[in-house]
There are 2 protein chains.
Amino acid sequence: MAFHLACQMYEPVTISDRLFLDLRRAILTGELPAGKKISEPELSATYGVSRGSLREAISKLENCNLVTRKPNIGARVVTFSVDQLLEIYQIREAMEGMAARLAARNMSDHEIQHLRMLLERHKKAIDDPEITNKADLERDADLDFHFCIIQGCSNERLLRMLCQDLYDLVRFYRYRLNPGFSPTAMQEHELLVQALERRDGEMAELLMRHHVRASRDRAKERLQQMTPEELGLAG
Amino acid sequence: MAFHLACQMYEPVTISDRLFLDLRRAILTGELPAGKKISEPELSATYGVSRGSLREAISKLENCNLVTRKPNIGARVVTFSVDQLLEIYQIREAMEGMAARLAARNMSDHEIQHLRMLLERHKKAIDDPEITNKADLERDADLDFHFCIIQGCSNERLLRMLCQDLYDLVRFYRYRLNPGFSPTAMQEHELLVQALERRDGEMAELLMRHHVRASRDRAKERLQQMTPEELGLAG
DNA sequence: CACCGGATAAATGTCAACAATACCATCATA
DNA sequence: TATGATGGTATTGTTGACATTTATCCGGTG
(Lines give C-alpha, C1' and ligand atoms only; values in the text may rest on other atoms or scores of the structure.)
Protein backbone atom coordinates (compact mmCIF):
# COMPACT_ATOMS: atom_id res chain seq x y z
CA MET A 1 0.00 0.00 0.00
CA ALA A 2 1.11 3.49 -0.73
CA PHE A 3 2.77 5.36 2.10
CA HIS A 4 0.25 8.15 2.16
CA LEU A 5 -2.67 5.82 2.88
CA ALA A 6 -0.96 4.40 5.94
CA CYS A 7 -0.67 7.81 7.56
CA GLN A 8 -3.19 7.00 10.24
CA MET A 9 -2.53 8.17 13.74
CA TYR A 10 -3.82 5.16 15.61
CA GLU A 11 -4.40 1.48 15.28
CA PRO A 12 -7.92 0.19 15.68
CA VAL A 13 -8.56 -1.10 19.18
CA THR A 14 -12.31 -0.84 19.36
CA ILE A 15 -15.03 -2.06 17.01
CA SER A 16 -15.98 1.42 15.88
CA ASP A 17 -12.33 2.12 15.07
CA ARG A 18 -12.13 -0.93 12.82
CA LEU A 19 -15.43 0.00 11.24
CA PHE A 20 -14.23 3.56 10.69
CA LEU A 21 -11.12 2.38 8.87
CA ASP A 22 -13.12 -0.05 6.71
CA LEU A 23 -15.67 2.57 5.73
CA ARG A 24 -12.97 5.16 5.16
CA ARG A 25 -11.17 2.86 2.74
CA ALA A 26 -14.46 2.03 1.03
CA ILE A 27 -15.23 5.70 0.54
CA LEU A 28 -11.75 6.71 -0.61
CA THR A 29 -11.44 3.91 -3.15
CA GLY A 30 -14.89 4.63 -4.56
CA GLU A 31 -16.46 1.39 -3.34
CA LEU A 32 -19.04 3.64 -1.72
CA PRO A 33 -19.91 6.20 -4.39
CA ALA A 34 -20.09 9.93 -3.77
CA GLY A 35 -23.42 11.06 -2.42
CA LYS A 36 -24.42 7.53 -1.38
CA LYS A 37 -26.80 7.35 1.55
CA ILE A 38 -25.27 5.72 4.62
CA SER A 39 -28.07 3.50 5.82
CA GLU A 40 -27.59 2.55 9.45
CA PRO A 41 -29.74 -0.60 9.38
CA GLU A 42 -28.19 -1.77 6.12
CA LEU A 43 -24.56 -1.21 7.10
CA SER A 44 -24.93 -2.52 10.63
CA ALA A 45 -26.32 -5.73 9.13
CA THR A 46 -23.59 -5.91 6.49
CA TYR A 47 -20.77 -5.56 8.97
CA GLY A 48 -22.52 -7.47 11.72
CA VAL A 49 -22.28 -4.79 14.37
CA SER A 50 -24.79 -2.81 16.34
CA ARG A 51 -26.11 0.54 15.20
CA GLY A 52 -24.45 2.22 18.15
CA SER A 53 -20.97 1.26 17.07
CA LEU A 54 -21.81 2.17 13.50
CA ARG A 55 -23.00 5.60 14.54
CA GLU A 56 -19.74 6.15 16.40
CA ALA A 57 -17.81 5.22 13.26
CA ILE A 58 -19.95 7.62 11.22
CA SER A 59 -19.06 10.38 13.67
CA LYS A 60 -15.39 9.73 13.01
CA LEU A 61 -16.03 9.81 9.26
CA GLU A 62 -17.74 13.15 9.75
CA ASN A 63 -14.58 14.39 11.46
CA CYS A 64 -12.43 13.78 8.41
CA ASN A 65 -15.10 15.35 6.22
CA LEU A 66 -15.88 12.16 4.30
CA VAL A 67 -19.58 12.13 5.19
CA THR A 68 -22.10 14.80 6.06
CA ARG A 69 -24.90 14.27 8.54
CA LYS A 70 -28.22 16.00 8.88
CA PRO A 71 -30.29 15.62 12.05
CA ASN A 72 -33.17 13.18 11.72
CA ILE A 73 -32.29 12.54 8.08
CA GLY A 74 -29.01 10.67 8.05
CA ALA A 75 -25.51 10.59 6.65
CA ARG A 76 -24.32 10.67 3.05
CA VAL A 77 -20.94 10.19 1.47
CA VAL A 78 -19.61 13.63 0.67
CA THR A 79 -20.05 15.11 -2.80
CA PHE A 80 -17.81 17.50 -4.66
CA SER A 81 -18.49 20.45 -6.80
CA VAL A 82 -15.68 21.87 -8.89
CA ASP A 83 -15.84 25.01 -6.78
CA GLN A 84 -15.36 23.04 -3.57
CA LEU A 85 -12.38 21.32 -5.11
CA LEU A 86 -10.79 24.62 -6.03
CA GLU A 87 -11.44 25.86 -2.49
CA ILE A 88 -9.33 22.99 -1.19
CA TYR A 89 -6.44 23.99 -3.43
CA GLN A 90 -6.53 27.49 -1.95
CA ILE A 91 -6.33 26.09 1.55
CA ARG A 92 -3.55 23.71 0.58
CA GLU A 93 -1.62 26.62 -0.93
CA ALA A 94 -1.65 28.43 2.40
CA MET A 95 -1.12 25.47 4.72
CA GLU A 96 1.36 23.45 2.70
CA GLY A 97 3.26 26.62 1.93
CA MET A 98 3.71 27.13 5.66
CA ALA A 99 4.53 23.45 6.08
CA ALA A 100 7.29 23.71 3.48
CA ARG A 101 8.71 26.80 5.18
CA LEU A 102 8.81 24.99 8.51
CA ALA A 103 10.12 21.79 6.94
CA ALA A 104 13.14 23.62 5.54
CA ARG A 105 14.02 24.55 9.08
CA ASN A 106 13.02 21.39 10.90
CA MET A 107 13.47 18.35 8.68
CA SER A 108 16.44 16.18 9.57
CA ASP A 109 19.10 15.60 6.93
CA HIS A 110 17.97 12.02 6.80
CA GLU A 111 14.37 13.01 6.10
CA ILE A 112 15.48 15.27 3.27
CA GLN A 113 17.55 12.44 1.83
CA HIS A 114 14.44 10.27 1.98
CA LEU A 115 12.48 12.93 0.12
CA ARG A 116 15.20 13.15 -2.53
CA MET A 117 15.07 9.37 -2.86
CA LEU A 118 11.30 9.45 -3.35
CA LEU A 119 11.73 12.00 -6.11
CA GLU A 120 14.46 10.08 -7.94
CA ARG A 121 12.47 6.86 -7.73
CA HIS A 122 9.50 8.71 -9.14
CA LYS A 123 11.58 10.02 -12.04
CA LYS A 124 12.81 6.53 -12.87
CA ALA A 125 9.35 5.03 -12.63
CA ILE A 126 7.93 7.58 -15.04
CA ASP A 127 10.44 6.47 -17.71
CA ASP A 128 10.02 2.77 -16.96
CA PRO A 129 8.17 1.17 -19.89
CA GLU A 130 7.21 -1.83 -17.78
CA ILE A 131 4.97 0.20 -15.50
CA THR A 132 1.67 0.48 -17.29
CA ASN A 133 -0.49 2.18 -14.68
CA LYS A 134 1.13 5.60 -14.86
CA ALA A 135 -1.91 7.41 -13.46
CA ASP A 136 -1.94 5.46 -10.19
CA LEU A 137 1.84 5.80 -9.93
CA GLU A 138 1.60 9.54 -10.39
CA ARG A 139 -1.13 9.84 -7.79
CA ASP A 140 0.68 7.80 -5.15
CA ALA A 141 4.06 9.40 -5.82
CA ASP A 142 2.67 12.90 -5.59
CA LEU A 143 0.71 12.19 -2.41
CA ASP A 144 3.73 10.52 -0.82
CA PHE A 145 5.88 13.51 -1.74
CA HIS A 146 3.56 16.02 -0.15
CA PHE A 147 3.09 13.83 2.91
CA CYS A 148 6.81 13.60 3.43
CA ILE A 149 7.15 17.37 3.56
CA ILE A 150 4.11 17.83 5.78
CA GLN A 151 5.45 15.29 8.23
CA GLY A 152 8.74 17.14 8.37
CA CYS A 153 7.25 20.46 9.44
CA SER A 154 7.43 19.70 13.19
CA ASN A 155 4.10 21.36 13.82
CA GLU A 156 1.93 18.59 15.19
CA ARG A 157 -1.35 20.41 14.79
CA LEU A 158 -0.61 21.60 11.28
CA LEU A 159 0.26 18.03 10.44
CA ARG A 160 -2.99 16.75 11.89
CA MET A 161 -5.12 19.40 10.24
CA LEU A 162 -3.59 18.63 6.87
CA CYS A 163 -3.55 14.85 7.16
CA GLN A 164 -6.82 14.32 8.98
CA ASP A 165 -9.05 17.18 7.93
CA LEU A 166 -7.91 17.92 4.40
CA TYR A 167 -6.00 15.14 2.74
CA ASP A 168 -8.77 12.56 2.94
CA LEU A 169 -10.70 14.92 0.71
CA VAL A 170 -7.73 15.19 -1.63
CA ARG A 171 -7.56 11.39 -1.83
CA PHE A 172 -11.30 11.18 -2.31
CA TYR A 173 -10.94 13.39 -5.35
CA ARG A 174 -7.75 11.82 -6.66
CA TYR A 175 -9.15 8.32 -6.58
CA ARG A 176 -12.05 9.46 -8.74
CA LEU A 177 -10.59 12.08 -11.08
CA ASN A 178 -6.91 11.38 -11.34
CA PRO A 179 -5.26 14.30 -13.09
CA GLY A 180 -2.52 12.10 -14.55
CA PHE A 181 1.08 12.88 -15.34
CA SER A 182 2.45 16.38 -15.64
CA PRO A 183 6.13 16.95 -16.45
CA THR A 184 5.91 20.48 -15.02
CA ALA A 185 4.80 19.14 -11.65
CA MET A 186 7.87 16.91 -11.53
CA GLN A 187 10.06 19.91 -12.20
CA GLU A 188 8.32 21.83 -9.44
CA HIS A 189 9.02 18.98 -7.04
CA GLU A 190 12.69 19.04 -8.05
CA LEU A 191 13.03 22.76 -7.31
CA LEU A 192 11.26 22.32 -4.00
CA VAL A 193 13.63 19.58 -2.88
CA GLN A 194 16.58 21.76 -3.85
CA ALA A 195 15.24 24.57 -1.68
CA LEU A 196 14.81 22.20 1.24
CA GLU A 197 18.35 20.89 0.71
CA ARG A 198 19.57 24.50 0.90
CA ARG A 199 17.41 24.97 4.03
CA ASP A 200 15.83 27.96 2.33
CA GLY A 201 12.45 28.23 4.07
CA GLU A 202 11.38 31.44 2.35
CA MET A 203 11.95 29.93 -1.08
CA ALA A 204 10.44 26.59 -0.09
CA GLU A 205 7.20 28.31 0.84
CA LEU A 206 7.13 30.30 -2.39
CA LEU A 207 7.82 27.21 -4.48
CA MET A 208 5.21 25.12 -2.66
CA ARG A 209 2.60 27.82 -3.09
CA HIS A 210 3.47 28.11 -6.75
CA HIS A 211 3.29 24.35 -7.15
CA VAL A 212 -0.11 24.04 -5.49
CA ARG A 213 -1.45 26.97 -7.49
CA ALA A 214 -0.15 25.42 -10.69
CA SER A 215 -1.75 22.09 -9.77
CA ARG A 216 -4.96 23.95 -9.14
CA ASP A 217 -4.82 25.55 -12.57
CA ARG A 218 -4.08 22.21 -14.23
CA ALA A 219 -7.00 20.60 -12.40
CA LYS A 220 -9.29 23.48 -13.25
CA GLU A 221 -8.50 23.29 -16.95
CA ARG A 222 -8.95 19.54 -16.90
CA LEU A 223 -12.23 19.71 -15.04
CA GLN A 224 -13.71 22.33 -17.31
CA GLN A 225 -13.26 19.98 -20.25
CA MET A 226 -15.26 17.26 -18.51
CA THR A 227 -19.00 16.86 -18.65
CA PRO A 228 -21.04 16.62 -15.45
CA GLU A 229 -21.58 12.94 -16.21
CA GLU A 230 -17.84 12.33 -16.38
CA LEU A 231 -17.43 14.19 -13.12
CA GLY A 232 -20.17 12.09 -11.60
CA LEU A 233 -19.86 13.71 -8.23
CA ALA A 234 -21.76 16.94 -8.39
CA GLY A 235 -23.67 17.83 -5.26
CA MET B 1 -22.95 37.81 23.75
CA ALA B 2 -19.99 38.63 21.60
CA PHE B 3 -20.44 38.09 17.90
CA HIS B 4 -17.64 35.59 17.62
CA LEU B 5 -19.24 33.20 20.09
CA ALA B 6 -22.45 33.05 18.09
CA CYS B 7 -20.66 31.86 14.98
CA GLN B 8 -22.16 28.41 15.16
CA MET B 9 -23.24 26.77 11.97
CA TYR B 10 -26.41 25.13 13.20
CA GLU B 11 -29.08 25.44 15.81
CA PRO B 12 -29.55 22.58 18.23
CA VAL B 13 -32.36 20.28 17.15
CA THR B 14 -31.36 17.11 18.92
CA ILE B 15 -30.45 16.44 22.54
CA SER B 16 -26.81 15.77 21.77
CA ASP B 17 -26.65 19.09 19.89
CA ARG B 18 -27.93 20.99 22.90
CA LEU B 19 -25.58 19.07 25.15
CA PHE B 20 -22.68 19.81 22.83
CA LEU B 21 -23.35 23.54 22.95
CA ASP B 22 -23.70 23.52 26.75
CA LEU B 23 -20.47 21.60 27.24
CA ARG B 24 -18.67 23.71 24.68
CA ARG B 25 -19.62 26.88 26.49
CA ALA B 26 -18.63 25.33 29.81
CA ILE B 27 -15.21 24.43 28.44
CA LEU B 28 -14.58 27.74 26.68
CA THR B 29 -15.52 29.85 29.67
CA GLY B 30 -13.40 27.75 32.00
CA GLU B 31 -16.31 26.30 33.94
CA LEU B 32 -14.81 22.94 33.05
CA PRO B 33 -11.08 23.37 33.72
CA ALA B 34 -8.36 22.30 31.31
CA GLY B 35 -7.44 18.66 31.66
CA LYS B 36 -10.61 17.81 33.58
CA LYS B 37 -11.81 14.25 33.13
CA ILE B 38 -15.14 13.98 31.33
CA SER B 39 -16.92 11.35 33.38
CA GLU B 40 -19.80 9.83 31.43
CA PRO B 41 -21.80 8.62 34.45
CA GLU B 42 -21.34 11.91 36.25
CA LEU B 43 -22.25 14.21 33.36
CA SER B 44 -25.15 12.10 32.12
CA ALA B 45 -26.60 12.31 35.63
CA THR B 46 -25.94 16.05 35.88
CA TYR B 47 -27.66 16.88 32.61
CA GLY B 48 -30.29 14.19 32.95
CA VAL B 49 -29.60 12.48 29.65
CA SER B 50 -28.51 9.01 28.67
CA ARG B 51 -24.88 8.10 28.18
CA GLY B 52 -25.50 7.51 24.50
CA SER B 53 -26.47 11.10 23.82
CA LEU B 54 -23.62 12.29 25.97
CA ARG B 55 -21.12 10.22 24.02
CA GLU B 56 -22.41 11.71 20.79
CA ALA B 57 -21.91 15.20 22.23
CA ILE B 58 -18.39 14.25 23.28
CA SER B 59 -17.67 13.17 19.72
CA LYS B 60 -18.68 16.61 18.51
CA LEU B 61 -16.44 18.21 21.13
CA GLU B 62 -13.62 16.05 19.87
CA ASN B 63 -14.25 17.44 16.38
CA CYS B 64 -13.57 20.98 17.47
CA ASN B 65 -10.52 19.83 19.39
CA LEU B 66 -11.88 20.78 22.79
CA VAL B 67 -11.55 17.29 24.27
CA THR B 68 -9.29 14.33 23.58
CA ARG B 69 -10.43 10.74 23.86
CA LYS B 70 -8.47 7.61 24.49
CA PRO B 71 -10.03 4.20 23.88
CA ASN B 72 -11.18 2.44 27.04
CA ILE B 73 -9.93 5.31 29.14
CA GLY B 74 -12.15 8.27 28.43
CA ALA B 75 -12.22 11.91 27.46
CA ARG B 76 -10.51 14.89 29.01
CA VAL B 77 -10.80 18.60 28.41
CA VAL B 78 -7.89 19.60 26.22
CA THR B 79 -4.71 20.97 27.77
CA PHE B 80 -2.27 23.48 26.36
CA SER B 81 1.43 23.69 26.36
CA VAL B 82 3.07 26.93 25.31
CA ASP B 83 4.50 25.12 22.29
CA GLN B 84 1.07 23.99 21.17
CA LEU B 85 -0.18 27.53 21.47
CA LEU B 86 2.63 28.84 19.31
CA GLU B 87 1.87 26.12 16.76
CA ILE B 88 -1.63 27.51 16.46
CA TYR B 89 -0.28 30.96 15.70
CA GLN B 90 1.78 29.51 12.84
CA ILE B 91 -1.30 27.90 11.37
CA ARG B 92 -3.33 31.06 11.81
CA GLU B 93 -0.61 33.03 10.05
CA ALA B 94 -0.94 30.85 6.97
CA MET B 95 -4.71 30.40 6.93
CA GLU B 96 -5.81 33.84 7.99
CA GLY B 97 -3.28 35.34 5.62
CA MET B 98 -4.99 33.51 2.79
CA ALA B 99 -8.39 34.48 4.17
CA ALA B 100 -7.39 38.15 4.13
CA ARG B 101 -6.14 37.86 0.55
CA LEU B 102 -9.44 36.34 -0.53
CA ALA B 103 -11.47 38.77 1.56
CA ALA B 104 -9.92 41.73 -0.26
CA ARG B 105 -11.30 40.27 -3.46
CA ASN B 106 -14.61 38.93 -2.23
CA MET B 107 -15.97 41.03 0.62
CA SER B 108 -18.88 43.25 -0.29
CA ASP B 109 -18.51 46.98 0.21
CA HIS B 110 -21.08 46.70 2.94
CA GLU B 111 -19.08 44.02 4.75
CA ILE B 112 -15.97 46.18 4.62
CA GLN B 113 -17.94 49.10 6.00
CA HIS B 114 -19.08 46.84 8.83
CA LEU B 115 -15.47 45.91 9.53
CA ARG B 116 -14.49 49.59 9.57
CA MET B 117 -17.34 50.23 11.97
CA LEU B 118 -16.13 47.46 14.28
CA LEU B 119 -12.67 48.99 14.31
CA GLU B 120 -13.86 52.53 15.04
CA ARG B 121 -16.12 51.28 17.81
CA HIS B 122 -13.17 49.42 19.25
CA LYS B 123 -11.02 52.55 19.18
CA LYS B 124 -13.68 54.54 20.99
CA ALA B 125 -14.22 51.82 23.58
CA ILE B 126 -10.53 51.70 24.40
CA ASP B 127 -10.57 55.38 25.31
CA ASP B 128 -13.87 55.17 27.15
CA PRO B 129 -13.17 55.61 30.89
CA GLU B 130 -16.52 54.10 31.81
CA ILE B 131 -15.60 50.68 30.48
CA THR B 132 -13.67 48.98 33.21
CA ASN B 133 -13.19 45.50 31.82
CA LYS B 134 -10.68 46.39 29.10
CA ALA B 135 -9.29 42.87 28.87
CA ASP B 136 -12.62 41.28 27.96
CA LEU B 137 -13.35 44.12 25.56
CA GLU B 138 -10.03 43.63 23.85
CA ARG B 139 -10.57 39.88 23.54
CA ASP B 140 -14.06 40.17 22.09
CA ALA B 141 -13.18 43.03 19.76
CA ASP B 142 -10.15 41.24 18.38
CA LEU B 143 -12.01 37.95 17.89
CA ASP B 144 -14.91 39.74 16.21
CA PHE B 145 -12.50 41.56 13.92
CA HIS B 146 -10.79 38.38 12.77
CA PHE B 147 -14.11 36.60 12.38
CA CYS B 148 -15.44 39.34 10.18
CA ILE B 149 -12.54 38.97 7.76
CA ILE B 150 -12.67 35.19 7.79
CA GLN B 151 -16.37 35.26 7.00
CA GLY B 152 -15.70 37.53 4.06
CA CYS B 153 -13.26 35.22 2.33
CA SER B 154 -15.96 33.35 0.35
CA ASN B 155 -14.18 30.06 0.84
CA GLU B 156 -16.66 27.95 2.74
CA ARG B 157 -14.23 25.26 3.72
CA LEU B 158 -11.52 27.66 4.83
CA LEU B 159 -14.16 29.39 6.91
CA ARG B 160 -15.24 26.13 8.50
CA MET B 161 -11.70 24.95 9.17
CA LEU B 162 -10.84 28.22 10.85
CA CYS B 163 -14.07 28.67 12.81
CA GLN B 164 -14.74 25.08 13.77
CA ASP B 165 -11.35 23.43 13.99
CA LEU B 166 -9.09 26.25 15.13
CA TYR B 167 -10.89 29.17 16.69
CA ASP B 168 -12.44 27.22 19.53
CA LEU B 169 -8.89 26.56 20.62
CA VAL B 170 -8.08 30.24 20.31
CA ARG B 171 -11.07 31.09 22.48
CA PHE B 172 -10.13 28.37 24.92
CA TYR B 173 -6.78 30.05 25.37
CA ARG B 174 -8.05 33.60 25.34
CA TYR B 175 -10.61 32.97 28.04
CA ARG B 176 -7.85 31.69 30.29
CA LEU B 177 -4.81 33.81 29.45
CA ASN B 178 -6.07 37.03 28.02
CA PRO B 179 -3.13 38.94 26.56
CA GLY B 180 -4.76 42.29 27.22
CA PHE B 181 -4.51 45.53 25.30
CA SER B 182 -1.83 46.27 22.72
CA PRO B 183 -1.78 49.59 20.89
CA THR B 184 0.35 48.07 18.13
CA ALA B 185 -2.31 45.46 17.42
CA MET B 186 -4.88 48.20 16.96
CA GLN B 187 -2.60 49.91 14.47
CA GLU B 188 -2.13 46.63 12.61
CA HIS B 189 -5.90 46.27 12.37
CA GLU B 190 -6.15 49.79 10.98
CA LEU B 191 -3.62 49.09 8.22
CA LEU B 192 -5.38 45.83 7.40
CA VAL B 193 -8.74 47.51 6.97
CA GLN B 194 -7.12 50.12 4.73
CA ALA B 195 -5.71 47.38 2.51
CA LEU B 196 -9.13 45.73 2.30
CA GLU B 197 -10.72 49.08 1.44
CA ARG B 198 -8.18 49.42 -1.37
CA ARG B 199 -9.00 45.82 -2.42
CA ASP B 200 -5.31 45.05 -2.21
CA GLY B 201 -5.25 41.30 -1.60
CA GLU B 202 -1.49 40.91 -1.78
CA MET B 203 -0.97 43.57 0.87
CA ALA B 204 -3.86 42.29 3.00
CA GLU B 205 -2.22 38.88 3.18
CA LEU B 206 1.16 40.35 4.10
CA LEU B 207 -0.38 42.58 6.77
CA MET B 208 -2.44 39.77 8.25
CA ARG B 209 0.57 37.48 8.39
CA HIS B 210 2.58 40.23 10.00
CA HIS B 211 -0.20 40.89 12.50
CA VAL B 212 -0.56 37.24 13.50
CA ARG B 213 3.19 36.84 13.78
CA ALA B 214 3.38 39.96 15.95
CA SER B 215 0.56 38.67 18.14
CA ARG B 216 2.46 35.41 18.44
CA ASP B 217 5.58 37.25 19.57
CA ARG B 218 3.61 39.28 22.08
CA ALA B 219 1.99 36.13 23.45
CA LYS B 220 5.31 34.33 23.58
CA GLU B 221 6.97 37.08 25.56
CA ARG B 222 4.02 37.27 27.90
CA LEU B 223 3.90 33.54 28.41
CA GLN B 224 7.60 33.24 29.13
CA GLN B 225 7.18 35.61 32.05
CA MET B 226 4.51 33.43 33.61
CA THR B 227 5.12 30.56 35.97
CA PRO B 228 3.67 27.13 35.21
CA GLU B 229 1.21 27.70 38.06
CA GLU B 230 -0.05 30.90 36.51
CA LEU B 231 -0.41 29.10 33.23
CA GLY B 232 -2.32 26.36 34.98
CA LEU B 233 -2.89 24.44 31.80
CA ALA B 234 0.26 22.54 31.10
CA GLY B 235 -0.22 19.06 29.74
C1' DC C 1 -53.74 15.04 -14.91
C1' DA C 2 -51.61 17.37 -11.19
C1' DC C 3 -51.79 18.23 -6.46
C1' DC C 4 -52.87 17.64 -1.61
C1' DG C 5 -53.52 14.84 2.83
C1' DG C 6 -53.58 10.99 5.72
C1' DA C 7 -52.01 6.30 6.88
C1' DT C 8 -48.33 3.15 6.72
C1' DA C 9 -43.49 1.89 6.71
C1' DA C 10 -38.81 2.81 7.53
C1' DA C 11 -35.12 5.39 9.31
C1' DT C 12 -32.95 8.08 13.00
C1' DG C 13 -32.70 9.58 18.00
C1' DT C 14 -32.75 7.97 22.69
C1' DC C 15 -32.49 4.97 26.44
C1' DA C 16 -31.27 1.30 29.84
C1' DA C 17 -28.92 -3.12 30.53
C1' DC C 18 -24.89 -6.23 29.64
C1' DA C 19 -19.86 -7.20 28.63
C1' DA C 20 -15.12 -5.95 28.57
C1' DT C 21 -11.55 -3.12 30.13
C1' DA C 22 -9.06 -0.12 33.27
C1' DC C 23 -8.35 1.71 37.93
C1' DC C 24 -7.36 0.96 42.92
C1' DA C 25 -6.68 -0.93 47.36
C1' DT C 26 -4.97 -4.82 49.64
C1' DC C 27 -1.78 -8.28 50.55
C1' DA C 28 2.10 -11.39 49.90
C1' DT C 29 6.99 -11.65 49.10
C1' DA C 30 11.86 -10.44 48.24
C1' DT D 1 10.38 -0.95 52.74
C1' DA D 2 9.61 -1.52 48.00
C1' DT D 3 7.66 -4.24 44.51
C1' DG D 4 4.57 -7.08 42.19
C1' DA D 5 0.38 -10.03 42.16
C1' DT D 6 -4.72 -10.18 43.02
C1' DG D 7 -9.33 -9.33 43.55
C1' DG D 8 -13.06 -5.79 43.79
C1' DT D 9 -14.98 -1.58 41.95
C1' DA D 10 -15.89 1.80 38.63
C1' DT D 11 -15.79 3.31 33.88
C1' DT D 12 -16.09 2.63 29.10
C1' DG D 13 -17.61 -0.20 24.93
C1' DT D 14 -21.45 -2.61 22.98
C1' DT D 15 -25.97 -4.18 22.25
C1' DG D 16 -31.04 -4.46 21.53
C1' DA D 17 -35.45 -2.31 22.29
C1' DC D 18 -38.39 1.85 22.43
C1' DA D 19 -39.75 6.74 20.94
C1' DT D 20 -39.84 10.12 17.55
C1' DT D 21 -39.26 11.91 13.16
C1' DT D 22 -39.12 11.47 8.19
C1' DA D 23 -40.15 9.25 3.80
C1' DT D 24 -43.40 6.68 0.90
C1' DC D 25 -47.57 5.16 -0.86
C1' DC D 26 -52.28 5.61 -2.03
C1' DG D 27 -56.72 7.50 -2.51
C1' DG D 28 -59.32 11.73 -2.99
C1' DT D 29 -60.22 16.29 -5.03
C1' DG D 30 -59.87 20.46 -7.92
Side-chain angles (χ1 to χ4, degrees), chain A residues 8-27 31-79 235, chain B residues 8-27 31-79 235:
Chain A
Q8 273 306 311
M9 303 291 166
Y10 59 86
E11 49 201 312
V13 30
T14 176
I15 289 184
S16 59
D17 282 344
R18 165 64 56 194
L19 207 59
F20 162 68
L21 288 179
D22 284 353
L23 289 173
R24 174 173 172 274
R25 187 192 44 71
I27 292 176
E31 195 175 319
L32 279 172
K36 167 93 174 176
K37 174 79 188 293
I38 307 275
S39 167
E40 294 183 8
E42 180 186 332
L43 280 182
S44 64
T46 303
Y47 286 89
V49 299
S50 79
R51 271 184 55 223
S53 301
L54 176 63
R55 283 168 68 86
E56 198 124 334
I58 293 177
S59 284
K60 294 182 210 290
L61 289 172
E62 204 184 2
N63 291 18
C64 34
N65 298 307
L66 290 179
V67 308
T68 56
R69 275 177 90 181
K70 288 180 186 172
N72 283 317
I73 291 182
R76 288 188 171 285
V77 176
V78 85
T79 58
Chain B
Q8 274 305 311
M9 303 290 166
Y10 60 86
E11 48 201 313
V13 30
T14 175
I15 289 184
S16 58
D17 283 344
R18 164 66 54 193
L19 208 59
F20 162 68
L21 288 179
D22 285 352
L23 289 173
R24 174 173 171 275
R25 187 192 45 72
I27 292 175
E31 195 176 319
L32 279 172
K36 166 91 173 178
K37 173 80 188 291
I38 306 275
S39 167
E40 295 184 9
E42 180 185 332
L43 278 182
S44 64
T46 303
Y47 286 89
V49 299
S50 80
R51 271 184 54 225
S53 302
L54 175 63
R55 283 167 68 85
E56 198 125 332
I58 294 176
S59 284
K60 295 181 209 289
L61 289 171
E62 203 183 4
N63 290 21
C64 35
N65 298 306
L66 290 179
V67 309
T68 56
R69 274 177 91 181
K70 287 181 186 173
N72 284 317
I73 291 181
R76 301 191 94 88
V77 176
V78 85
T79 58

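Not measured: the values here are computed from a predicted model. Order of the sequence lines fixes the chain letters, A, B, ..., with proteins taken first and strands second; residue numbering starts at 1 for each chain.
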Side-chain contact, heavy-atom cut-off 4.5 Å: [X] with [Y]?
X: A:Asp17; Y: A:Glu11; answer: no
X: B:Leu23; Y: B:Leu54; answer: yes
X: A:Tyr47; Y: A:Leu19; answer: yes
X: A:Ser59; Y: A:Arg69; answer: yes
X: A:Ile58; Y: A:Val67; answer: yes
X: A:Val77; Y: A:Ile38; answer: yes

In degrees, rounded to 10°, what is the bend between the two ends of the helix from C:dC1-D:dG30 to C:dA30-D:dT1, using five pairs at each? 30°

Filtered N/O pairs between nucleotides 9-15 of chain C and protein, under 3.5 Å:
unit_1 : atom_1 : unit_2  : atom_2 : d
C:dT12 : OP1    : A:Ile38 : O      : 3.4
C:dT12 : OP2    : A:Glu40 : N      : 3.2
C:dG13 : OP1    : A:Asn72 : N      : 3.2
C:dG13 : OP2    : A:Arg55 : NH1    : 2.4
C:dG13 : OP2    : A:Arg55 : NH2    : 3.0
C:dG13 : OP2    : A:Arg69 : NH2    : 3.3
C:dG13 : O3'    : B:Thr14 : OG1    : 2.9
C:dG13 : N7     : A:Arg51 : NH2    : 2.9
C:dG13 : O6     : A:Arg51 : NH1    : 3.0
C:dT14 : OP1    : B:Thr14 : OG1    : 2.5
C:dT14 : OP1    : B:Ile15 : N      : 2.5
C:dT14 : OP2    : B:Thr14 : OG1    : 2.6
C:dC15 : OP2    : B:Ser50 : N      : 3.1
C:dC15 : OP2    : B:Ser50 : OG     : 3.1
C:dC15 : OP2    : B:Ser53 : OG     : 3.0

When rounded to whole Å, the CZ to C1' distance for the pair B:Arg76 and C:dC23 reads 12 Å

Expressed as a whole number of angstroms, how long is the span from A:Leu19:CG to D:dT14:P?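 It works out to 10 Å between those atoms.
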
Carefully, step by step, assess B:Arg55 and A:Arg55 under the rule side-chain contact (heavy atoms from CB on, under 4.5 Å). CA-CA 11 Å; B:Arg55 283 167 68 85; A:Arg55 283 168 68 86; over 6 Å; no

So, are A:Arg25 and A:Glu31 salt-bridged, with charged N and O less than 4.0 Å apart?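 Yes.
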
